[in-house]
Every structure is written in C-alpha cells, then in structure tokens.
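Small disclaimer: the values here were computed from a predicted structure and weren't measured.
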Amino acid sequence: MKILTLDQVKSILYDGKRLESDQLPLKAVSDCYEFLKEFASDKVIYGINTGFGPMAQWRVDDRYLTDLQYNIIRSHSTGAGEALPDTYVKAAMIARLGVFLQCRSGIHPEVCELLVEFINRDIYPFIPQHGSVGASGDLVQLAHLALTLIGEGEVHYKGEWRKTAEVMEENGLKPIGIHIREGLSVTNGTSFMTGIAAINQFDAEKLLEWATLASVMMNEIASSYDDLMSAELNDCRNHEGQSLIAAKMRELSAGSKCLHKREHELYDNGHAEDKVFHKKVQAYYSLRCIPQIFGPIWETLRNSRRVIEEEFNCASDNPIIDPVSRNVLHGGNFHGDYISLEEDKVKIALVRLVMTMERQLNYLFHDRINGILPPFLNMGTLGLNYGMQACQFTATSTTAECQTLAMPNYVHSISNNNDNQDIVSMGTNTALLCKKVIDNAFQVMSIHFIALAQAVDCLGIKDSLAPKSRKAYDAIREIMPTIVDDKPFYKQIARVEKYLREEEPEIF
C-alpha cells in the first residue's frame, strides 16, 4: 500500500509539511492489531511469547510477556559513535511510520500517533551511527528510537539534548504502551538505512544537476564544439540516460556565445589543407564525454529512487501479521539487501562524478593542457602569487578518499548472533559510507565552481555565457570576489558548499 512518495518525504523534511493523523489509515492499523490480539491468544508466535533471535527456542511465561517487549528495547539500545543528524533521524521516523501504515505489524495505533507527533514537533531521538548489521534490520538504531517512544533515553529538541520524559511531558505526550509486540515491531526493520538513503538520494540528484551545469560551463570556457551534446550523436547510442543528459546540456547551453559549431569552422571554411590546428579538434574526455559518463549515473539514481520509495511503503517487520489471510507469517522482510545494494551503486556512481569534476579542475589549473588560462587560474603575479594552486590539493585528496570509499560494502557480510544472522546486508553502514562520499562530493564541487568563476574572469567571458551559466557565475561572485591577491578563502569554500547544498538548481 503506497502511503508516501519520496517527494512527499522531501516536503516533510525540508518544507515544513506536517503529517495529519486523520489522513492516515489508522483504522486499518487498529484492525490488524485486533486480529493479532485474537489470533495470538492460544498460539506460539515468535517474539510474542518466545525469546528473540537464537533465544526463540525458549517459551516465555505469559506473566513476563510485557517485560519481554521492554527487554528487547532496553537490551538493544547499545549503539556507539556520534548521533545521526536530526534530518536523518526524521527521515528514518517517517520510514518507520510508513512500515506501520502497511497494517502488517500488529501494533497498537498509538505507536503511529506518537511517531507522527515526534515528526511534526521535531523531537529527534538520540540515534548513534554505529550498531546495525542490516539483517534483522536496524535493530540497534531502532531500539534507540523505541527507547524514546517508551519515554526513556534522550532526544534532541529545540537545539538541546534532554531527557525524553521531560520533553514528552512538556508537549503533553504520553509514552506508548506495550500491548502485544510493540517492542519487537518498532526495533525490527530497515527504516534507518532507508531514511539515510532517502536523504542521500536527494543530495545525489542535486549533485548530478550541479555537475551537469558545471560541465556546460567547462565546455564554454574551453570554447568546445557543441556537437558533443547533439541529439544525433547521443540518441544513436540508445541509452536513455545519455540522451537525457545531452538534452539537458543543450538546454543549459542555450544562448551561449562561447560554444562553436564544427560545421561552420571545420567543414565550411576551407581548413581541409591545414597541417596543424591550433584549436583542439576534440576536447578532453572529461569535457566531451559528459553524456556518456553522467548518463549511467542518472539511470542509477532513477533506479535507487524507485527502490527507496518502495522501501518507504513496505512491511519490513517480522513476523508479518496478515488479517486478510488470517495468518502470521515468519520470514526475513527485515533484510536490508535492497537498500545496501542500491546505496553501493549510488556511492560508486557519485565517486565517478567526483572523479570527473576533479579532472575538469585539473584542466582548468593546468595551463599546458588548456592552453588559454594562467597556471592555477592565477590572476596575480606569477611566482609571487599562487591563485588556486592549493585548492587542487584539497580537491585531489578528497577525491582520493572517495575512491577508497567506492569499494562495495554490500559484500562485507560477517556472521553474528550465534550464526542466526549468518549473512547480513550491512545496509546502514553502506548508506553512511554513501553519505560520506556525498559530503566529500559537495566539497570538491564547491572548489570546482569557484574555479569555474575564476576561469570566466581570466578569459573575460561572463557576458558571453549561457544565461544558466551566468546565473551560477553571479551566485559565486556574490559569495566571494575574484581571486587576485593571496588570501585564505577556506570560509568562502564552506559558504559555496552551503549554497550548493541549499539551492535548487532545477535542471532535471
């Protein structure tokens, strides 16, 4: 049952959109709960009257069933490391709500109602980054979420870390009760890796947009022939992504006075007898092959968007409570392979994007390669001043770290839990590694856009740029002036990064 689109999730995270409980299928949630209450009264069901994991072989006495649910929450709140940022926690709570709204968990509706309150009131549970192997889902991180839903642990509220009980009392909220299996249900599933993946998706899509615009500006600076982005060239490759990127490049470059027409300069002007061509007949690959490089990245992101949206609208609990067939089904819907594999693919695709940006930077900085710009875009006195020379160190080292992080994590299964979890997804780790690549990519991209603006000034071509390129140039120049004298500008790099993260380029 589709409850949430990724665009709706994005609106909740960034546009202040609220969730309305009366628009959610809480009646169906209640019906599932009532079915389980009746069904479980005289049966042995995992996690209701048995232990958890390898402990499932032990029957739990009826007088301890409530304690059993509290025990899994408290015993599994064992995460380590820094707290996940608030936005990622909010995304994970939305993902968990999406699971419960599938009406296959058998939980009391008050769990959904309290999650909605936490989401709408920006109450963020303390969720450490480390702890999940992504196989019974995000057991540890979800246990920390559950800990706050029962009124324990800590939450981040209005910029302060406070005891959950105090914040709940201040907001007139009550902890959830334990009715049948609320402890297991809240802790069991893929919601944290899914929430992280969603934000990674939004950021990755934005990075691709910026990289496409940057590549158009690069070709304007290099005064490239524009057939690299022609429909006739790219459509015959028969890849949707390549054709789309080429079309976007044509759209972005519309109105540019910097790009050249091959048919006018090389086909119609009698150059057939020339022995040496001072202008490059073909640009370097990092300029010329953008549709071919970015096309598969676009297709990768399109597929990851589909998978993540499906995960927001799935039942990733165990067991699955099915009031339709009147059965309780045991399996492994909590396994995080879908998210782990997609996040590895997104991570690898973005490393490729960063590598392309770094090579474009190298073109701008290397006067013997570009043949039209001063070394390192130095507009001061050569030898005395250094331009953007040191920026390349930062961009190159950050790109190198991304290349190291590109190693697939999906294949790094380690058995644990007395070999009950004998093959695991490591999905949350994969999503967090992807997040790291994204953070690095924004840093490299910020240096690249500063360099693009500097190159435009070196050539004096700002009035010849396409309108979209000129808008980006002007935005950078509002943040920092042209670099002539040697001054620290690390703060400006951070400000450009903030701009790239927050601005919507609206290219795709």
Side-chain angles (χ1 to χ4, degrees), residues 10 13-14 82 84-88 91 196 198-218 294 297 301 346-347 349-362 364-365 376-377 387-406 431-457 468-483 487-508:
K10 191 174 184 180
L13 292 175
Y14 300 113
E82 295 181 2
L84 280 168
D86 291 346
T87 308
Y88 294 83
I196 297 166
I199 297 177
N200 287 348
Q201 181 72 24
F202 303 143
D203 287 342
E205 291 172 350
K206 185 174 289 188
L207 281 165
L208 180 58
E209 293 192 77
W210 283 124
T212 304
L213 178 57
S215 298
V216 168
M217 294 180 72
M218 278 295 302
F294 287 1
I297 296 175
L301 295 182
V346 171
K347 172 164 61 75
L350 290 180
V351 172
R352 186 66 164 172
L353 183 146
V354 174
M355 291 166 60
T356 306
M357 295 298 96
E358 189 276 334
R359 287 294 84 195
Q360 290 182 1
L361 266 175
N362 188 67
L364 292 175
F365 292 158
F376 305 108
L377 305 176
M388 294 189 67
Q389 175 175 305
C391 285
Q392 187 170 20
F393 304 150
T394 302
T396 301
S397 66
T398 307
T399 301
E401 182 178 73
C402 288
Q403 291 172 312
T404 300
L405 294 171
L432 287 170
L433 288 171
C434 185
K435 174 186 180 297
K436 177 63 175 173
V437 167
I438 287 169
D439 291 341
N440 287 355
F442 273 112
Q443 293 169 18
V444 174
M445 192 74 73
S446 63
I447 293 171
H448 191 25
F449 267 97
I450 293 170
L452 289 167
Q454 185 77 1
V456 168
D457 288 341
K468 295 280 190 180
S469 299
R470 178 60 188 267
K471 181 180 178 182
Y473 167 86
D474 289 339
I476 300 303
R477 283 292 165 255
E478 285 183 14
I479 294 172
M480 64 180 298
T482 304
I483 303 162
K487 295 177 182 177
F489 56 94
Y490 60 92
K491 291 183 179 179
Q492 287 87 342
I493 293 174
R495 288 176 60 197
V496 171
E497 180 185 346
K498 185 174 185 291
Y499 167 78
L500 295 177
R501 283 182 176 274
E502 295 178 355
E503 185 71 14
E504 291 291 344
E506 297 180 350
I507 292 170
F508 290 99

When rounded to the nearest 0.5 angstrom, what distance separates CZ in R495 from NZ in K491? 10.5 Å
Side chain to side chain contact (heavy atoms under 4.5 Å, CB included) with C391: which of Y490, F489, F376? F489
Would you say that L364 contacts M218 through its side chain, given a criterion of any heavy-atom pair below 4.5 Å between the two side chains? yes
Value for CG (L350) from CZ (R352), rounded to nearest 0.5 Å, stands at 13.0 Å
Kindly give the heavy-atom pair with the smallest separation between P505 and E209, and that separation in Å. CG-CB, 3.6 Å
Indicate yes or no: at least one non-hydrogen side-chain atom of R477 is less than 4.5 angstrom from one of D457. yes
Do you know which two heavy atoms are closest between E497 and S446, and how far apart they sit? N-CB, 3.6 Å
To the nearest 0.5 Å, tell me how far L353 CG sits from T399 OG1. 10.0 Å
Would you say Q392 and L361 make side-chain contact, with heavy atoms under 4.5 Å? no
Can you measure from OG (S215) to CG (L208) and round to the nearest 0.5 angstrom? 9.0 Å
For a 4.5 angstrom cut-off between non-hydrogen side-chain atoms, does V351 reach L405? no
Heavy-atom pair with the smallest gap, counting every atom of A451 and L377: O-CD1, 3.2 Å
Could you go step by step and tell me if K468 and V216 meet the side chain to side chain contact (heavy atoms under 4.5 Å, CB included) rule? CA-CA 9 Å; K468 295 280 190 180; V216 168; over 6 Å; no
Distance-minimising heavy-atom pair for A91 and L13: N-CD2, 3.7 Å
Between Q443 and A395, is there a donor-acceptor pair closer than 3.5 Å when you use the side chain of the first and the backbone of the second? no
F442 and side chain to side chain contact (heavy atoms under 4.5 Å, CB included): which partner among L207, V496, T398? L207
Taking NZ in K206 as the centre, count heavy atoms belonging to other residues, nucleotides or ligands within less than 6.0 Å. Is the count above 12? yes
Can you confirm whether K436 sits close enough to N440 that some side-chain heavy atom of one is under 4.5 Å from a side-chain heavy atom of the other? yes
Rounded to the nearest 0.5 Å, what separates atom CD1 in I493 from atom CE in M480? 7.5 Å
Would you confirm whether T396, through its side chain, and F393, through its main-chain N or O, come within 3.5 Å as a donor-acceptor pair? no
Flag side-chain contact, heavy atom, 4.5 Å: Y499 against F449: no
Taking the side chain as everything from C-beta on, heavy atoms only, tell me whether W210 gets closer than 4.5 Å to H448. no
Give the C-alpha distance, both sets of side-chain angles, the deciding distance and a yes or no for side chain to side chain contact (heavy atoms under 4.5 Å, CB included) between I196 and L432. CA-CA 7 Å; I196 297 166; L432 287 170; 3.8 Å; yes
What one should report as the nearest heavy-atom pair of M357 and V444 is CB-CG1, 4.3 Å
CD1-OG1 distance between I476 and T482, expressed to the nearest 0.5 angstrom: 12.0 Å
Below 4.5 Å, heavy atoms only, C-beta onward: do V437 and N200 meet side chain to side chain? no
